[in-house]
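Notes follow the structure.
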Amino acid sequence: MNGAVEKTGSSPFVATLKRLLARTGLSGRTLVIAIPVLWLLIFFLAPFLVVAKISLSEAAIARPPYLPLWEWSEGMLIISLNFANYQYLLDDALYYLSYLSSLKISALSTLFALLIGYPVAYMIARAPDNTRNLLLMLVILPFWTSFLLRVYAWIGILKGNGVINNFLMSIGIIDSPIVMMQTDFAVYVGIVYTYLPFMILPLYANLVKLDESLLEAASDLGARPLTTFLTITLPLSMPGIVAGSMLVFIPAVGEFVIPALLGGPDTLMIGRVLWNEFFSNRDWPVASAVAIAMLVVLVVPVMILQRSQDEKEEAAS
Amino acid sequence: MKKLIVLGAAASVFAGAAMAQEQTLNIYNWSDYIAEDTIEKFEAETGIKVVYDVYDSNEVLEAKMLTGNSGYDVVVPTSDFLQRQIAAGAYQKLDKSQLPNLVNMDPDLMKGAETYDPGNEYSTIYMWGTTGIGYNINAVAERLGEDYEVNSWELVFDPEISGKLADCGISMLDAPSEMIPAAMNYLGLDPRSTDKDDLEAGAALLETVRDNVRYFHSSQYINDLANGDICVAVGWSGDVFQALYRAEEAENGVEIGYVIPDEGALQWFDMMAIPVDAPNPEAAHKFINFVMDAQITADITNYVWYANANKASMPLVDPDITSDPGIFPTEAAKARLWAAQVYDARTDRTVTRLWTRVKTGT
């Protein structure tokens, strides 16, 4: 152990690195933190600022199809910010209604994913060691196939002469096919199916750490299984529930592919409204405003949830 | 069909690798819109390697054109979209000295295309067609009676008639600038009108039949019509004929018809054009000229069942196709076709908004 430290300590590379850090006044800790910060700056903040910039511009028939925000003219810098795009979102009830509808669809999907995912995660966490890894593999396995293909597979399962209808008709339960495709039902199936692993994995990670002696203690003290579950397992798995729910809820709100492929024309979701603004109206500024508004609508509740979670943890410790 | 194209492209990759100087041509075209051997023949003739991508909506193409740096050398926008993209500066002028096969083109149709591209400076016609009604002959006869003749837009726009067909499935194109004018035309209004009241009236008519429509989509109906999953589709002529052909091939007993309704229909042109920032404009000209070859165009029409604008190719096109009034309309029917109107931004917004209302009720 000692020898190893001496060895690395004397390696010329580490020494140079240390000298370099010392000269620039940076510590190794800053360097480690810098990587995720840089990541966020490049892949989140920069695109976000570009979208924010476009949202304050004005649509035009040009390439790209909006006017520049600033221009030099006779030594003057002219900045024109167009807030009308945001005004527009307030004027037409369509945007408000599709935000609400998106939130509703994602909230319900998250609930269904939780109801299905919790027992599955619990079962995996309680499974014997050797089968546990196999079960986890099975949860992750679908990711090896393209997401798009899996959604297309659902079309084959749900459509008029698809797997389910053909089966039900062949055994004589129904005479004519049940219309499942192009309905909200299909959208729920698609979202819950697609995002279920994101619910199961954090729940599993949480439940597997659950101290079983707590459950034994509860049963020794005369608690029935249901009481034990409600007073011990459930509260202790709260962080897993919150993490899983956010991983399902947040991407589901902006989901475009699933409603576009499985949903009916009346499935109102903000992703589709955004598509329309961008592609049908060629109005990139309003499309950007819709995107920014969606972010704000999402970030506020998530931050509140996060804060209440932090407070709870602090109180617990 | 697409698989064969991919195989062809893969084979050419190996063939091309042997060549010393390799050129690449990137083509972006509509899905199911080229003969199986066109790319292969072009590669064999020129030694240029082709990368062939497809889309199924003008909007997707337009977003790429307006963003710029798409990397494509040849694209095929529909005429009204082309006009706006030319205005935005998305295309380069064709060098006609590199296009000797232009002499093959039908002057009347090229004149028609000048509505969108004056002087045909930026584009030449790839294929053209109409937006009419495709239907499952047996399923419709079963519901409306053997004597019912399908020749009117009432099949979809009359709530009572389309109500009888709702159970077997009606689809409409997810293309507001085609569907709303068709409804306006049925109401006796000018389909090219940009008057807000006219557009509202067209949308209102569509709303009355909304509940009878299974879905709005611009390519899915080909398969669904062929499989019998739907029985009526407002669709593009050649796509309906492809459904007909697929059903015949599958021998599933589905018989499909296509009709340009008596009230008239939209006539559109799909135009080959070269983006202003195309990496290889020289190869692009070669490809456009190659397609305008009489035999190559005839092969494409024989395969995709869309009308072409190539006069020299006519004798080489299957007589079943040239004689079908759904593909090459009669003179009387031609008189009732209308050209697409190019909307300004405000009208675009109105039309899209009305379309959302038609589809979602909000």
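Throughout, protein chains are lettered first and strands after them, A, B, ... in sequence-line order, and every chain is numbered starting at 1.
- Taking CG of B/N58 as the reference point, atom OG of A/S280 lies at 11.0 Å (rounded to 0.5 Å).
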Practice problem: Could you give me the CA-CA distance, side-chain angles and deciding distance for A/W275 and B/E59, then say whether side-chain contact (heavy atoms from CB on, under 4.5 Å) is met? | Solution: CA-CA 10 Å; A/W275 199 95; B/E59 286 81 5; 4.1 Å; yes

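- The candidate with the highest count of non-hydrogen atom pairs below 4.5 Å against chain B, out of A/V179, A/T267, A/D92, A/L97, is A/D92.
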Quiz item: Would A/N276 and B/R353 count as a side-chain contact (heavy atoms from CB on, under 4.5 Å) if you check the C-alpha gap in whole Å, the side-chain angles of each, and the deciding distance to 0.1 Å?
Solution: CA-CA 9 Å; A/N276 272 343; B/R353 185 65 188 86; over 6 Å; no

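- Note on B/T352, B/D344, B/D174: by heavy-atom pairs under 4.5 Å with chain A, the leading option is B/T352.
- With a 4.5 angstrom heavy-atom cutoff, A/R272 does not touch chain B via any of its atoms.
- Put simply, CD on B/Q220 and CD1 on A/I155 are 6.0 Å apart, with the number rounded to the nearest 0.5 Å.
- Proximity to chain B (any heavy atom under 4.5 Å) is shown, for A/I61, by both the backbone and the side chain.
- Between B/R349 and A/E277, at least one side-chain nitrogen of the basic residue sits less than 4.0 Å from a carboxylate oxygen of the acidic one, meeting the salt-bridge criterion.
- More than 12 heavy-atom neighbours from other residues, nucleotides or ligands sit within 6.0 angstrom of CZ on A/F147.
- No side-chain heavy atom of B/D224 sits under 4.5 Å from any side-chain heavy atom of A/K159.
- With a 4.5 Å cut-off on non-hydrogen atoms, B/V276 touches chain A through its side chain but not through its backbone.
- Note that the CD atom of A/Q182 and the CZ atom of B/R214 stand 7.5 Å from one another [nearest 0.5 Å].
- Heavy-atom contacts from other residues, nucleotides or ligands closer than 6.0 Å to OH of A/Y152 number 12 or fewer.
- Residue contact with chain B, scored on non-hydrogen atoms closer than 4.5 Å, is absent for A/V273.
- Note that CZ of A/R282 is 5.5 Å distant from CZ of B/F81, once rounded to the nearest 0.5 Å.
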Self-check item: Audit row: B/L61, A/F279, side-chain contact (heavy atoms from CB on, under 4.5 Å) steps and yes/no
Solution: CA-CA 9 Å; B/L61 168 67; A/F279 289 98; over 6 Å; no

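- No other option in B/D167, B/D277, B/V358 has as many heavy-atom pairs under 4.5 Å with chain A as B/D277.
- No side-chain donor-acceptor contact under 3.5 Å links A/D266 and B/T360.
- In this structure, the portion of B/S57 lying under 4.5 Å from any heavy atom of chain A is its side chain and not its backbone.
- Proximity to chain A is absent for every atom of B/R357, based on heavy atoms less than 4.5 angstrom apart.
- Neither the backbone nor the side chain of B/A345 comes within contact range of chain A; no heavy atom of the residue lies under 4.5 Å from a heavy atom of that chain.
- Taking a 6.0 Å sphere around CG of A/D91, one finds it holds more than 12 heavy atoms contributed by other residues, nucleotides or ligands.
- For chain B, the nearby part of A/Y88 is the side chain; its heavy atoms alone come within less than 4.5 Å.
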Exercise. Please test A/Y66 against B/L66 for side-chain contact (heavy atoms from CB on, under 4.5 Å), starting from the C-alpha separation and ending with a verdict.
Key: CA-CA 10 Å; A/Y66 52 86; B/L66 295 183; over 6 Å; no

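- Looking only at heavy-atom pairs under 4.5 Å with chain B, the residue among A/A62, A/A59, A/S98 that has the most is A/A62.
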